[in-house]
Participant: 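Handing you a structure now.
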Amino acid sequence: MIVVEISGEEQKFLKPYVEEWPELATIKLERTDIRKYLNALDDMILRYGFDKKMEFYNEIGEDAQLIYDRVLDACDDYDDRKVEGNNEYA
């Protein structure tokens, strides 16, 4: 089941990094894909998303972190719906 779809704008932003991290080319993420996708995004942030002193995010890091957070939020929402659908308590 698809948990989150990467928007066209997000795909365009990530396109320069897909050769190095092919996972970032995924458009429709299923729950089983999330860990690999977030690991690749995290690696991308570490390599390209900080200023020279590694103290603050640069523009790339800020935009990538927004995608990262959105994917995590989508996972939380998916897990919450799954629990509610099974009438279990979280």
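Since we're looking at a predicted model, the values are computed, not measured.
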Participant: What I'd like to find out is whether the side chain of Val3 reaches to under 4.5 Å of the side chain of Val71, using heavy atoms alone.
Facilitator: no
Participant: From Lys12 NZ over to Ser7 OG, what is the distance, rounded to the nearest 0.5 angstrom?
Facilitator: 11.5 Å
Participant: If only atom types and distance count, is the side chain of Asp33 paired as donor or acceptor with the main-chain N or O of Glu30 below 3.5 Å?
Facilitator: yes
Participant: Are the ring centres of Phe50 and Phe56 closer than 6.0 Å?
Facilitator: no
Participant: Are the side chains of Tyr57 and Gln65 in contact, using a 4.5 Å heavy-atom criterion?
Facilitator: yes
Participant: Side-chain donor-acceptor contacts of residues 34-45 below 3.5 Å, not counting sequence neighbours, with atom names and distances?
Facilitator:
from	atom 1	to	atom 2	distance (Å)
Asn39	ND2	Arg35	O	3.4

Participant: Ile6 vs Leu29, test: side chain to side chain contact (heavy atoms under 4.5 Å, CB included). Steps then yes/no.
Facilitator: CA-CA 8 Å; Ile6 304 304; Leu29 294 169; 4.0 Å; yes
Participant: Does some side-chain heavy atom of Ile67 sit less than 4.5 Å from a side-chain heavy atom of Leu14?
Facilitator: yes
Participant: CZ of Phe13 to CD of Glu59: how many Å apart, nearest 0.5 Å?
Facilitator: 8.0 Å
Participant: Nearest 0.5 Å please: distance from the CD1 atom of Ile27 over to the CD atom of Glu10.
Facilitator: 11.5 Å
Participant: From Glu62 CD over to Asn58 CG, what is the distance, rounded to the nearest 0.5 angstrom?
Facilitator: 7.5 Å
Participant: State yes or no: do Leu66 and Leu24 share one hydrophobic cluster built from I, L, V, M, F, W and Y residues joined by side-chain heavy-atom distances below 4.5 Å, directly or via other members?
Facilitator: no
